[in-house]
Amino acid sequence: MSVKVEQIDACRWRLPREGAMRTDGLVFASRQMMAFLQQEQALEQVRNVATLPGIVGPSIGMPDIHWGYGFPIGGVAAFDADEGVVSPGGVGYDINCGVRLLRTDLEVSEVRPHLKQLADALYRNVPSGVGSHRKDLKLSVEQERKVLVRGARWAVEQGFGRPEDLEHIEEQGTIAGADPELVSDRALERGRNQLGTLGSGNHFLEVDLVEEIGDEQAAAALGLFSGQVVVTIHTGSRGFGYQVCDDYLRTMLHAARKYGIELPDRQLCCAPLSSPEGKQYLAAMACAANFAFTNRQLITAWVRESFEQVLGKGPAELRMSLIYDVCHNIAKWETHQFEGKKRRLCVHRKGATRAFPPGHPDTPAAYRHVGQPVLIPGDMGRYSYVLVGTQGAFEETFGSTCHGAGRVLSRHAAKKQARGHNVEAELAAQGIHIRAASRATVAEEIPEAYKDVMEVVGVVQQAGIGKIVARLKPLAVIKG
Amino acid sequence: MARAVNHYRLLEHTADIGIEAEAESFAQLLEQAAFGLRAVITEATDIQPRQEVVLELGAADREELLVAWLGELLYLFESRHLLPAAFAIEQAEATRLRARVRGEPLDPRRHPVEREVKAVTYHRILVEEAQGSWRARVYLDL
């Protein structure tokens, strides 16, 4: 199906309101990206989101947009508190999938001789792949419920990390309003063995080198310098979140029928924000979001341990502090200026990152003069980016920006391209050490499977919805 | 009339994987889709019917029943690491399903895991019947 698209400028495209749409679509993309996008269903999904009741402003697609389920990946949509809806499909199965970045005081020359051992230690200490978990982390149901309510704070109380870590996590690592009574026994069961695990697919743990600084002032505020070693963690709420989403999709299919909401796609099923179903979903979603914050916090503790073991240095020498932790699959209550009025909106970001500007009260004090850090992973062979949020994002995209590179090849196509190549050896020759539980994952996650993230952040910067601070290059990659 | 063939194939998607199944009956369609799900998780076929689980499911229509069925198999894999070997579908109506699932727990040496499946989605979900031939399409979130 062809979707009507009008070019606004070099990196903005309007999908004009038509048919059942209640608003326009707005997609950030270069001309080349748009040509690619027109081959798949992501644009149709931007239009479908525009049909949902109570949407405020346009249905937005970020430059890393690709087709997802119901909402596109790379989609942002804000909904009015009274007239609007909440949709589990607008958050995704992996609730609060996100990225965190840890700094070190190490220069790459100090780490390179130990890189193989470091990759081995990280692979050993941080469980990845199906069925793998830490034998020394056994949760009772009671403890799991505390995780769901307290989030990363629980982990810090148990000795996993430091209190100051919490200051540098979106929502300080705890989304309010979580109610464990609203999650199923199944979700609790799936979550119990998967807390503190990386998972599989595109999730990863990376040791990176700060290759280039784009903004000296922001880099200094974030504690980044050229030649520095940093660590990126990308994972989410694991089976717990997938189950919460699955359970509530069923609730929402029923609710959409009950409230007479016309759906162009079942996966967009939703309920009014003011309805019991809507409120229950948000309380269950908060549990999953807190699970994910805890997950990344536990992994952080094991990353610090691994560095200490391999490099034989203590925490004071390594200075591995948390730069920031962002969610990129979430729905949140936020206050935004819209058409001159302050509005309380439920902002859905599915494969999109919050990017609050300098001066925003929700930006940590240390970064308030430069903006909220935004972490954009690329692929395992090229680079990732650190950005900060901008006033432009706050005004145009409800304080949101892209979240990653976005795939260009299907898994099958990637596997086909990887055939005959020893991907691990080829990356090792470039100085990138891969440790992965599954060979299929490595083949399906080859760098060529992804868009060049530089093009994605280039569009973001050109559009003014994010500002580049630093480029990171992978040195060691742990995958599931 | 040519006899319909029971089979499934995996569909390409930029980020994920779909399953398309064809069969002579709705019951066989569910079975084929289940084999498709298993093939996404592991390419291993040496799976023994050592354990049996009885499933009873209800849903609003055939499409939602297909999602519930595959979701249940995924849950058995996630919670008990159970890989299905064979199915005995005893009742498969538009809104109700009763089936016996036989299989064995994952043995990583014999059953290398290819991918982690997060969930079974309603995206472009399809179950249709034409002249005695059944077809289904379902996408998995990986």
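Chain identifiers are assigned alphabetically (A, B, ...) following the order of the sequence lines, protein sequences preceding nucleic acid strands; residue numbering begins at 1 within each chain.
Of the atoms belonging to B/E43, it is side-chain heavy atoms, and not backbone ones, that fall under 4.5 Å from chain A. Neither the backbone nor the side chain of B/I41 has a heavy atom closer than 4.5 Å to any heavy atom of chain A. Contact of A/A443 with chain B is not made at all, since no heavy-atom distance falls under 4.5 Å. If you measure heavy-atom distances from B/A59 to chain A, you find no contacts under 4.5 Å at all. If you measure heavy-atom distances from A/L253 to chain B, the contacts under 4.5 Å come from the side chain alone. Only the side chain of A/R190 comes within contact range of chain B, with heavy atoms under 4.5 Å apart. In this structure, chain B has no heavy atom under 4.5 Å from any part of A/Q39. Heavy-atom distances place no part of A/R192 under 4.5 Å from chain B, backbone and side chain included.
With respect to chain B, the highest number of heavy-atom pairs below 4.5 Å among A/G406, A/A440, A/G201 belongs to A/A440. Note on A/G480, A/G68, A/A437: by heavy-atom pairs under 4.5 Å with chain B, the leading option is A/G68.
Other residues, nucleotides and ligands contribute only 12 or fewer heavy atoms inside 6.0 Å of the CZ atom of A/R439. No more than 12 heavy atoms of other residues, nucleotides or ligands sit less than 6.0 Å from atom CZ of B/R80. In this structure, A/D185 places its CG atom where only 12 or fewer heavy-atom neighbours from other residues, nucleotides or ligands lie under 6.0 Å away. Within 6.0 Å of the CD atom in A/E262, the count of heavy atoms belonging to other residues, nucleotides or ligands does not exceed 12.
For the pair B/E12 (side chain) and A/S410 (backbone), a donor-acceptor distance under 3.5 Å is absent. B/E116 places a side-chain N or O within 3.5 Å of a backbone atom of A/S200 that can act as its donor or acceptor partner.
Note on ring orientation: taking the six-membered ring where Trp is involved, the planes of B/H123 and A/W67 are tilted (angle from 30° to 60°).
Looking at B/L142 and A/R411, their side chains come closer than 4.5 Å, going by heavy atoms from C-beta outward. Looking only at side-chain heavy atoms (C-beta outward), A/Y69 and B/D16 come within less than 4.5 Å of each other. With contacts defined as side-chain heavy-atom distances shorter than 4.5 Å, the pair A/R266/B/I125 qualifies. Proximity of B/R124 to A/Q41: side-chain heavy atoms (C-beta onward) are separated by under 4.5 Å at one or more points.
Classification of A/D246 and B/K118 as a salt-bridged pair fails, no side-chain N sitting under 4.0 Å from a carboxylate O.
Under 3.5 Å, the side chains of A/E189 and B/Y75 contain a donor-acceptor pair of N or O atoms.
Considering all non-hydrogen atoms of both residues, A/Y93 and B/V120 come closest at OH-O, 3.2 Å.
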(request) Quick one: do B/E78 and A/R186 satisfy side chain to side chain contact (heavy atoms under 4.5 Å, CB included)? Show the steps, please. (result) CA-CA 10 Å; B/E78 281 270 326; A/R186 255 180 199 204; over 6 Å; no

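Of the inter-residue distances, the one linking B/Y139 atom OH with A/Q267 atom CD reads 12.5 Å to the nearest 0.5 angstrom.
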